[in-house]
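What you see is a predicted model; the values in this text were computed from it and never measured. The analysis underlying the following values was restricted to heavy atoms, covering all of them including side chains, and did not include hydrogens, waters or symmetry mates. One-based numbering, in listed order, for ligands and for the atoms of each.
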Amino acid sequence: MGLRFTKGNIRHTTRILFLTGNVDDRIAILCSGDVRVSATAAAPQSAASHCDVFVLGGGPAGSTIAALLAERGWNVVIAERERHPRFHIGESLLPMNLPMLDRLGVREQVERIGLIKYGAEFSSPQHGAPVTLNFCNAWDKAFPYSYEVRRSVFDQILFSNCIARGAHAFEECRVTGVEFPPCEDVRVRTAPKEGGAREWLARFFVDASGRDTFLASRFGIKRRNPRHNSAAVYGHFAGAKRLSGKEEGNISIFWFEHGWFWFIPLRDGATSVGAVCWPYYMKTRKTDLVRFLLDTIALCPALAERLCDATLTAGATATGNYSYYSERTFGDRHIMLGDAFAFVDPVFSSGVMLAMNSAFLGAEAVNASLRDPATADAALHRFDESVRTGVKEFSWFIFRMTNPTIRDLFMGPQNLLRMEEALLSLLAGDLFRGTPIRWSLCAFKCMYYVNNLAHPWRSLNAWRGRKRANSTPFSTSCLGPSCIPRGATMPSCANWCTTWATISASTPSSASRPL
Ligand SMILES: Cc1cc2nc3c(=O)[nH]c(=O)nc-3n(C[C@H](O)[C@H](O)[C@H](O)COP(=O)(O)OP(=O)(O)OC[C@H]3O[C@@H](n4cnc5c(N)ncnc54)[C@H](O)[C@@H]3O)c2cc1C
């Protein structure tokens with residue numbers, strides 16, 4: 001049976017999953033009703049296979065652009081080195097993810113796996129009761145909620161969707177090299193898990209490799225963000241105390257002395273908890289990661305109380321050195337999407353939204369480049385400007401998130417000059433639709449500077465602290481490898497020592513997810 005990669009074949013198949021590696025050798029077709037038919041193709045082997053667009057990476061950015069371009073009739077190949085569902089951190093979505101999910105036609109599937117998140121609760125030890133900011137109070141009231149999702153399942157939905165829309169997908173297939181010879185197609189080398197190597201010739205190459213920053217690393221254009229420097233240690237808990245009623249799915253943010261925590265409740269009962277800290281604190285780690293995570297939680301009584309009866313279910317993981325950017329977003333016949341271009345910080349849960357949004361913008365630019373090369377330059381510059389705008393808008397707030405003045409403003413929100421509405425629109429990810437929040441955000445920033453002047457010593461200390469943190473070099477050795485005693489129980493708030501005894505007694509398994 002000689003199936004070839006023509007649009008006709010793909011269009012008439014209900015759902016096609018190219019399982020691994022060489023599609024000419026092994027094709028598995030999943031028809032509706034889950035009848036699996038596999039056939040060995042006898043198509044003639046050529047030195048290299050052709051496609052219009054080669055997408056590296058099957059995360060939210062890669063799967064989104066692959067779906068959008070395949071839908072427009074381009075011959076798209078997407079390669080993912082792992083097999084879905086695979087673990088990924090980043091479970092909290094923003095309201096502005098929803099129109100994109102609608103456009104991709106997967107909203108209902110995500111609804112079935114997600115827990116509705118109406119807003120964000122902020123807790124600070126220097127302030128009284130926690131404050132909740134609800135998305136329904138944003139400038140545009142049409143997007144009052146989003147979802148918390150298991151990323152493994154969410155990413156699988158997006159990946160299956162791009163296949164359903166005609167992209168040719170390869171899992172457990174690592175991209176090992178790419179070349180951009182002048183006046184020829186882009187050459188991409190892949191290494192399927194089952195062995196061998198394969199070469200592809202593509203008209204356009206999309207880097208959606210996430211934190212691997214495939215192109216930026218190879219081109220030597222990846223830069224550490226000089227204005228931000230922190231790392232995260234996180235795990236999943238069973239039995240955490242959630243907010244009640246409509247607020248159950250809200251994300252909670254807890255500030256503490258060395259940074260902040262996220263608390264993200266998931267629909268299956270698990271809760272994702274992570275600490276984002278400055279390097280000097282990470283360097284104090286003397287214990288395994290689980291102990292370190294629980295020890296750090298103990299420094300934040302409000303969070304510790306929510307985890308009093310909780311159990312850590314799958315060990316702890318750390319991600320270090322995570323704030324970076326690439327000098328450019330595009331070049332000769334290639335673009336970089338999502339984390340492959342830049343990542344700043346998870347505090348506003350903006351990563352998946354920015355990654356998917358860059359894929360929507362990227363799809364326009366790639367489409368224009370392929371249809372009419374004369375328009376490519378303008379299209380790519382529009383893409384570049386929009387992608388940078390998103391990262392820049394979030395960055396101003398992220399850089400100042402641990403500053404006591406910002407904390408005051410978040411803990412005592414005021415809608416003077418519609419500042420609260422504008423802030424909520426930013427938190428919802430509403431940066432690309434022309435919602436007129438610019439002047440109110442400017443007013444918020446002015447208020448921040450004025451408040452800083454009103455507390456000169458506090459502001460100076462905060463500024464010095466941040467400067468010191470940003471100049472502290474990060475060593476990943478202070479974070480890993482992860483030591484993973486499963487089933488470690490949170491201590492009662494009053495007796496943390498018991499926990500350390502519990503953890504020491506349990507046998508650590510080998511490191512699961514290395515840094
Ligand atoms: C600690 C932490 C917490 C976070 N929390 C949140 C949150 O709550 N909400 C949120 O929105 N965002 C969060 N983020 C950010 C979010 O996880 C990312 O921004 C998002 O996953 C980016 O999507 P992406 O498609 O660009 O990359 P990814 O999702 O990382 O996908 C990249 C894919 O490329 C594949 N790949 C890499 N190299 C190769 C190769 N050579 N060959 C083939 N495949 C390859 C990888 O296996 C991966 O599947 C968090 C990030 C961190 C570090």
Out of Gly57, Ser230, Ala318, Ser92, whose heavy atom is nearest to atom 8 (O) of ligand 1? Ser92

Numbered in order shown, the ligand 1 atoms found under 4.0 Å of a heavy atom of Val175 are 40 (C), 41 (N), 42 (N), 43 (C)

Is Cys173 near ligand 1, meaning one of its heavy atoms is under 4.0 Å from it? yes

By number and element, which atoms of ligand 1 are closer than 4.0 Å to a non-hydrogen atom of Ala355? 22 (C), 23 (O), 26 (O)

Is Ile264 near ligand 1, meaning one of its heavy atoms is under 4.0 Å from it? yes

Taking the six-membered ring for Trp, are Phe256 and Tyr281 parallel (under 30°), tilted (30 to 60°) or perpendicular (over 60°)? perpendicular

Among Phe383, Phe180, Phe205, Phe341, exactly one meets ring-ring contact (aromatic ring centres under 6.0 Å, His included) together with His334. Which residue is that? Phe180

Looking at residues at least two apart in the chain, or sitting in another chain, which of them share a side-chain contact (heavy atoms from CB on, under 4.5 Å) with Val153? Ile113, Arg150

Start with the C-alpha distance between Glu91 and His236, add both sets of side-chain angles, then the distance that settles side-chain hydrogen bond (donor to acceptor under 3.5 Å, both in side chains), and finish with yes or no. CA-CA 11 Å; Glu91 296 114 332; His236 288 82; 2.5 Å; yes

Of all the atoms in ligand 1, which lie at a distance below 4.0 Å from a heavy atom belonging to Gly338? 26 (O)

What about Thr319: any of its N or O atoms under 3.5 Å from an N or O on ligand 1? no

Name the orientation class of the two ring planes belonging to Tyr280 and His258 (parallel below 30°, tilted from 30 to 60°, perpendicular beyond 60°). perpendicular

Proximal atoms of ligand 1 relative to Ala232 (non-hydrogen, under 4.0 Å): 1 (C)

Per the ring-ring contact (aromatic ring centres under 6.0 Å, His included) rule, which among Trp262, Phe348, Phe254, Phe410 passes with Phe122? Phe410

For ligand 1, which atoms, with element, lie under 4.0 Å from some heavy atom of Ala79? 43 (C), 44 (N)

Could you list the atoms of ligand 1 found under 4.0 angstrom from a heavy atom of Ala208? 32 (C), 33 (C), 34 (O)

Would the number of heavy atoms belonging to other residues, nucleotides or ligands and lying under 6.0 Å from CD of Glu385 be above 12? no

So between Gly58, Ala342, Pro346, Gly90, whose heavy atom ends up nearest atom 7 (C) of ligand 1? Gly90

Which residue pairs satisfy the salt bridge (Lys or Arg N to Asp or Glu O under 4.0 Å) criterion with at least one member in residues 111-122, sequence neighbours excluded? Arg107-Glu111, Glu121-Arg306

Compute the minimum heavy-atom distance from Gly274 to ligand 1 and say whether it is under 4.0 Å. no

If you take the nearest heavy atom of each of Arg151, Met353, Arg174, which one is closest to atom 16 (C) of ligand 1? Arg151

Could you tell me, atom by atom, which parts of ligand 1 come under 4.0 Å of a heavy atom of Ala61? 25 (O), 26 (O)

Here the atoms of ligand 1 under 4.0 Å from any heavy atom belonging to Gly351 are 10 (C), 11 (O), 12 (N), 15 (C), 19 (O)

Over 12 non-hydrogen atoms of neighbours within 6.0 angstrom of NZ in Lys241: yes

Pick, from Glu91, Arg81, Met336, Met356, the option with the minimum heavy-atom distance to atom 43 (C) of ligand 1. Arg81

For Asp155 and ligand 1, does the shortest N/O to N/O distance drop below 3.5 Å? no

